[in-house]
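See below for the structure under consideration.
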Amino acid sequence: MRYWLLKSEPDVFGYPDLERVGREEWNGVRNYQARNFLREMNVGDLALFYHSNASPPGVAGVARVVRTAVPDDLQFDETSPYFDPRSSRHDPRWSMVQVAPVAALPTFVTLDALRSLPELSDFALVRRGNRLSVLPVTPTQMQAVLRAGGTSIDELTAVGV
DNA sequence: GCCAACGTTGGC
DNA sequence: GCCAACGTTGGC
């Protein structure tokens with residue numbers, strides 16, 4: 001199993017929204033590096049759900065990948081802000097996965113708290129100017145964040161993942 | 001292939 | 001609202 005971090009603006013779609021809808025297409029990613037990470041995801045992978053452009057920013061919950069990458073519909077939708085006129089159905093440029101909620105973290109882990117974790121000193125998220133909306137997370141990093149959030153991988157996977 | 005201009009992200 | 005950092009675009 002691999003671990004990831006997904007950014008979302010809570011004003012647009014926050015972790016509580018994921019719990020409300022039950023599952024969600026992770027579409028609209030328009031960065032090649034982030035897209036490549038989406039394509040590496042497997043069903044069952046866990047992802048930290050990060051609230052960006054929030055006060056405070058931080059990790060609110062954990063999601064699970066429930067479907068691997070397929071072409072992102074929005075790239076073909078002329079009415080969508082994510083429409084990409086240079087993409088073709090023959091060779092789609094952008095991908096999306098589907099995610100479902102696992103659990104809200106008992107303690108919201110703020111960006112400040114993330115910065116204070118020694119295990120995360122090399123993590124791209126806490127480095128200046130990072131803009132990637134999909135990031136890989138190592139098992140050590142995952143454990144550290146979950147511990148700071150008041151849970152653990154064992155606890156999360158015991159609930160039937 | 002270079003690189004200036006531009007648009008976007010996201011913390012503050 | 002500001003602005004630094006970054007990715008992309010497009011003229012040359």
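Note that the coordinates shown come from a computational prediction; the quantities given were computed from them, not determined experimentally. Only heavy atoms go into these numbers, but all of them, side chains included; no hydrogens, no water, no symmetry mates.
Every residue meeting the side-chain hydrogen bond (donor to acceptor under 3.5 Å, both in side chains) condition with E19(A), not counting sequence neighbours, appears here in chain and number order: Y15(A). Listed by chain and residue number, nothing satisfies the ring pair (Phe, Tyr, Trp, His ring centres under 6.0 Å) test with Y82(A) (two or more places apart in sequence, or in another chain).
Note that the first and last nucleotides of DNA chain B, 5' to 3', having any atom under 4.0 angstrom from a heavy atom of chain A are dG7(B) to dC12(B).
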I'd like a table of donor-acceptor pairs (distance under 3.5 Å, sequence neighbours excluded) in which one partner is a side-chain atom from residues 105-118 of chain A, with atom names and distances.
| unit_1 | atom_1 | unit_2 | atom_2 | d |
| --- | --- | --- | --- | --- |
| T110(A) | OG1 | A113(A) | N | 3.0 |
| R115(A) | NH1 | V126(A) | O | 2.9 |
| S116(A) | OG | A113(A) | O | 2.7 |

Pairs under 3.5 angstrom only: tabulate donor-acceptor contacts from the side chains of residues 141-153 of chain A to other protein residues two or more places apart or in another chain.
| unit_1 | atom_1 | unit_2 | atom_2 | d |
| --- | --- | --- | --- | --- |
| Q141(A) | OE1 | T138(A) | N | 2.9 |
| Q141(A) | OE1 | T138(A) | OG1 | 3.4 |
| S152(A) | OG | E155(A) | N | 3.0 |

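The shortest distance between side-chain heavy atoms of D73(A) and M96(A) falls below 4.5 Å. Annotation: side chain of K7(A) is in contact with side chain of L125(A) (closest heavy-atom distance under 4.5 Å). Side-chain contact between V65(A) and W26(A): absent, with no pair of heavy atoms (C-beta onward) separated by less than 4.5 Å.
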#### Entry: Stepwise ring-ring contact (aromatic ring centres under 6.0 Å, His included) check, W94(A) with Y32(A)
CA-CA 8 Å; W94(A) 305 112; Y32(A) 287 104; 4.7 Å; yes

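Of the residues near DNA chain C, G129(A) and R86(A), the one whose nearest nucleotide (by heavy atom distance) lies more toward the 5' end is G129(A).
Within the 4.0 angstrom heavy-atom criterion, no nucleotide atom of any strand lies near R127(A). Note on R115(A): only backbone sugar-phosphate atoms sit closer than 4.0 angstrom, heavy atoms only; bases stay farther off.
Interface residues of residues 52-61 of chain A facing DNA chain B, ordered by number: S52(A), N53(A), P57(A); criterion, heavy-atom separation under 4.0 Å.
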